[in-house]
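First comes the structure, then the notes that go with it.
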Amino acid sequence: KGSIEAALKDVNHAIELHENDAVAFCNRGVIYEKMKDIDRAIKDYNKAIELNPDYAPVYYNRGSLYATIEVIDKAIMDYSKALSLDPKSILSHYNRGIAFKMIGRSDLTIEDLSKAISLDPKFADAYAHRGLAYAESGEQEKALADFNKTLELDPNNTEIYIKRGILHADAQRFDDAIKDVTTFIEFSPKNAFAYYIRAKAYRGKGDMQKSMEDYNKVIELSPRLAGVYFERGQIKNQLNRFDDALKDFNTSIELFPYNPYAYLHRGDAFQKLGKNENAVRDYHIYLKLNPNAPDAEEIKREIEDMQNKM
């Protein structure tokens with residue numbers, strides 16, 4: 001704090017001596033921004049532009065401030081102006097690309113980040129965010145290539161391990177997914193989402209025991225996720241642990257009573273346990289919540305068969 005106040009004192013003195021110095025006003029805007037005095041920062045950036053409308057750094061600084069306070073349209077305008085004055089500004093391309101991503105324009109994000117990368121081929125964060133934009137655009141292989149490059153340049157970018165792990169899982173490369181997510185967990189051992197992704201990867205490769213362990217960890221860290229209880233219940237059904245499965249389906253339905261498939265699978269568990277009356281009740285609820293289910297006719301026949309036996 002002391003150093004900021006000293007810097008402010010110095011720049012105030014500079015402005016007193018040179019009241020038409022655009023650079024001084026820009027520098028004071030940066031100081032006010034660091035002090036979280038947004039109004040004064042913008043006022044000084046505006047003054048700097050008034051004094052020298054061709055000074056590219058002030059447009060970049062004001063654009064970054066607008067991005068911070070999520071006034072994205074003005075941020076993009078300022079980054080664009082900065083680039084018109086300084087087309088080789090790596091950070092202006094990079095930050096405008098991030099701003100475009102915030103308004104859902106992945107195509108323009110990719111364009112700007114590609115330009116930043118062409119200007120600085122070792123810009124790890126640019127590869128990371130371009131990879132995210134490619135992933136959102138459905139270009140999974142390009143996303144994977146960018147994530148690989150990011151980690152080659154910056155092996156400590158832990159977020160990219162889980163992003164790449166998700167890509168591997170989606171492509172059913174389950175061993176690669178597990179490896180990446182495990183690396184992420186080493187850095188963030190309390191992240192429930194990471195255990196969830198790894199649980200699904202283990203499940204995908206057929207390792208139900210390890211999948212169950214990760215679902216248990218997710219529930220330990222975040223005990224009110226209805227979908228996790230539902231998925232763990234499905235595994236218990238597969239393992240013929242029907243009583244345990246019922247407990248999970250009950251909890252899932254208690255937390256979120258509108259998932260038709262929780263009733264369907266709980267009905268299956270009841271049926272396996274010979275509790276046909278309960279199964280019929282759950283199958284009816286399933287059909288009520290999901291009247292256009294592709295297996296509706298099959299379920300109706302199953303209900304009829306059970307009722308005939310009751």
Side-chain angles (χ1 to χ4, degrees), residues 70 102 104 132 135-136 157-170 172 174 177-273 275 277-295 299:
E70 298 187 2
M102 293 174 73
L132 293 172
E136 289 180 3
N157 190 331
T158 58
E159 288 297 322
I160 296 305
Y161 284 105
I162 193 164
K163 299 297 184 183
R164 190 173 68 176
I166 291 169
L167 282 185
H168 285 313
D170 288 344
Q172 297 188 352
F174 297 119
I178 290 164
K179 182 179 178 181
D180 271 348
V181 178
T182 299
T183 300
F184 176 82
I185 288 171
E186 289 172 2
F187 290 99
S188 301
K190 301 292 186 182
N191 189 300
F193 180 66
Y195 289 100
Y196 176 71
I197 295 300
R198 194 171 66 176
K200 291 177 74 69
Y202 276 127
R203 187 178 178 186
K205 68 173 290 187
D207 191 335
M208 297 305 173
Q209 187 56 46
K210 287 188 176 179
S211 179
M212 184 86 72
E213 290 172 9
D214 274 348
Y215 277 121
N216 293 344
K217 189 66 177 179
V218 177
I219 288 169
E220 175 190 324
L221 293 168
S222 295
R224 296 192 61 79
L225 297 174
V228 176
Y229 288 100
F230 168 66
E231 292 178 25
R232 190 174 69 173
Q234 286 181 296
I235 292 177
K236 288 176 180 178
N237 260 359
Q238 288 179 262
L239 297 174
N240 297 327
R241 292 170 51 185
F242 303 116
D243 284 314
D244 286 342
L246 284 177
K247 293 176 184 176
D248 275 349
F249 293 135
N250 289 342
T251 303
S252 179
I253 289 167
E254 181 182 320
L255 291 169
F256 184 73
Y258 308 106
N259 176 8
Y261 296 99
Y263 295 96
L264 175 65
H265 288 277
R266 188 173 70 174
D268 291 343
F270 277 133
Q271 188 181 12
K272 293 292 186 181
L273 291 168
K275 299 180 179 181
E277 186 175 340
N278 295 41
V280 166
R281 181 194 65 209
D282 272 355
Y283 288 154
H284 277 304
I285 297 172
Y286 167 70
L287 293 173
K288 182 179 179 180
L289 291 172
N290 194 18
N292 297 317
D295 58 352
I299 296 297

Stepwise side-chain contact (heavy atoms from CB on, under 4.5 Å) check, Tyr283 with Gln271: CA-CA 10 Å; Tyr283 288 154; Gln271 188 181 12; 3.1 Å; yes
Separation of Asp248 CG from His265 NE2 (nearest 0.5 Å): 13.0 Å
Nearest heavy-atom neighbours spanning Ile197 and Val181: CG2-CG2, 3.9 Å
Main-chain N/O of Lys247 paired with Thr251 side-chain donor or acceptor, under 3.5 Å: yes
Distance-only donor-acceptor check, side chains Tyr195 and Glu220, under 3.5 Å: no
Contact summary for Gly233 and Ala245, nearest pair of heavy atoms: O-CB, 3.5 Å
Straight-line distance of Ile185 CD1 to Asn191 CG, nearest 0.5 Å: 7.5 Å
Distance-only side-chain donor-acceptor flag, Asn278 / Arg266, under 3.5 Å: no
Check: Asp268 main-chain N/O paired with Asn237 side-chain donor or acceptor under 3.5 Å: no
Residue pair Leu264 / Asp295, side-chain heavy-atom distance below 4.5 Å: yes
Ala177 to Gly165 - nearest heavy-atom pair and separation: CB-O, 3.3 Å
Expected output: side-chain Tyr229 to main-chain Pro223 donor-acceptor under 3.5 Å: yes
Met212 and Leu239, any side-chain heavy atoms less than 4.5 Å apart: yes
Pair Asn290, Tyr263: side-chain N/O donor-acceptor within cut-off below 3.5 Å: no
Lys236 bridged to Asp244 by N-O distance under 4.0 Å: no
Short side-chain donor-acceptor distance under 3.5 Å, Glu231 and Tyr196: yes
Closest approach of Ser252 to Ala262 (non-hydrogen atoms, all atoms of both residues): OG-CB, 4.4 Å
Candidates Ile162, Thr182, Asp180 - the one meeting side-chain contact (heavy atoms from CB on, under 4.5 Å) with Arg198: Thr182
Spatial distance of atom CG (Leu246) from atom NZ (Lys275) [nearest 0.5 Å]: 6.5 Å
Considering all heavy atoms, the nearest Ala194-Phe184 contact: CB-CD2, 3.6 Å
Side-chain touch Lys200/Tyr215, heavy atoms, less than 4.5 angstrom: yes
Val218 side chain reached by Arg232 side chain, heavy atoms, under 4.5 Å: no
Nearest-0.5 Å distance, NZ of residue Lys205 to CD1 of residue Ile178: 5.0 Å
Reported OH-to-NE2 distance for the pair Tyr161 and His168, which is rounded to 0.5 angstrom: 11.0 Å
Whether Phe230 and Phe249 hold their rings parallel, tilted or perpendicular, with breakpoints at 30° and 60°: tilted
Interatomic spacing from NE2 in His284 to CZ in Arg281 - rounded to 0.5 Å: 11.0 Å
Closest heavy-atom pair and its distance - Ser211, Arg203: OG-CB, 3.5 Å
